[in-house]
Amino acid sequence: MKNNFLLFFVVFVLFISNSGISQVIQNPKTQISDRPIESKLNYATWRVDYYICTGIAYAKSLGMTANDFAAFVASKHSITSPNDTSISAVIKSFNMVMTTYPKGKVELLTESNSSAKMRWNRPYTSYFKNGPVLGVSLEEFESYLYGHVAIMTKRIGIDFKYDIKQDTVIGTISRYR
């Protein structure tokens, strides 16, 4: 009985896989194609930032702030691997995030085993060129973004400070443990 069921199942699967049910449509009305990797990266980066704005907007609707949302999100993940909490690992993580933006640039100005100073641009500001996104201002977005980094670095004994001057941010990280 068991063998008959197995035989029936195999024949059924073979029938389905060879029938028109699972075949690709010839001459479909809608043409779909793969997008270039740069296009996918741009969309993914925008989508993450849009969801950040969605989260901040939701927090605000509950009477909370962008910093409250940053604390919540930062409690759910880390800036580095638990196996590497070095200054170098923080620099690499931060660089990876900021350079996913199409025009994101990070420069390492100074570095030692206990501190580093970096400069980067603000490539996400283009999202806010027409004003707030979902009721979230650029200032709230940056408060979340850098507040989130500060919380995660603090957890591994690293202080994160930043200063925004026009289109440039100067950031320092330093070990305090």
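Note that this is a predicted model, so its numbers are computed, not measured. The residues of the chain are indexed from 1 along the displayed sequence.
Ring pair Tyr162/Phe160 is parallel by interplanar angle, where below 30° counts as parallel and above 60° as perpendicular.
Cluster membership for Tyr144 and Leu134, using ILVMFWY side-chain heavy atoms within less than 4.5 angstrom, is shared. Tyr58 and Val133 fall into different hydrophobic clusters, where Ile, Leu, Val, Met, Phe, Trp and Tyr residues are linked whenever their side-chain heavy atoms come under 4.5 Å apart, directly or through other members.
Taking the side chain as every heavy atom from C-beta outward, Phe69 and Lys60 never approach each other to under 4.5 Å. Side chains of Val149 and Val97 form no contact here, defined as non-hydrogen atoms less than 4.5 Å apart. Side-chain contact between Glu140 and Cys53: absent, with no pair of heavy atoms (C-beta onward) separated by less than 4.5 Å. Two residues are said to be in side-chain contact when any heavy atoms from C-beta on lie closer than 4.5 Å; Arg122 and Leu138 meet this criterion. Side-chain contact between Asp84 and Thr80 is absent, with no heavy-atom pair separated by less than 4.5 Å. At least one side-chain heavy atom of Pro123 sits less than 4.5 Å from a side-chain heavy atom of Met98.
The shortest non-hydrogen separation linking Ala70 to Gly147 is CB-C, 4.2 Å. Residue Ala116 comes nearest to Ile87 through the heavy atom pair CB-CG2, 3.9 Å, listed as atom of the first residue, atom of the second, then distance. The two residues Ser143 and Asn67 come nearest to each other via the heavy atoms OG-OD1, 2.6 Å.
Within 6.0 Å of atom NZ in Lys117, 12 or fewer heavy atoms from other residues, nucleotides or ligands are found, so the atom counts as exposed in its surroundings. In Lys40, the NZ atom is crowded: over 12 heavy atoms of neighbouring residues, nucleotides or ligands sit closer than 6.0 Å. The number of heavy atoms from other shown groups lying within 6.0 Å of CG (Asp163) is above 12.
To the nearest 0.5 Å, atom OG1 of residue Thr125 and atom CD of residue Glu142 are 8.0 Å apart. The structure places CE of Met64 at 11.5 Å from CD1 of Ile56, a figure rounded to the nearest 0.5 Å. Note that CZ of Arg119 is 11.0 Å distant from OG1 of Thr110, once rounded to the nearest 0.5 Å. Interatomic distance, CD1 of Ile170 versus CD1 of Ile164, reported as 11.0 Å (0.5 Å rounding).
Applying the side chain to side chain contact (heavy atoms under 4.5 Å, CB included) test between Ile79 and each of Lys154, Lys92, Met152 identifies Met152 as the sole match.
Side chain to side chain, Asp49 and Tyr101 meet the donor-acceptor criterion of an N or O pair below 3.5 Å. Side-chain contact of Ser39 with Asn42: a donor-acceptor pair under 3.5 Å is absent, judged by distance alone.
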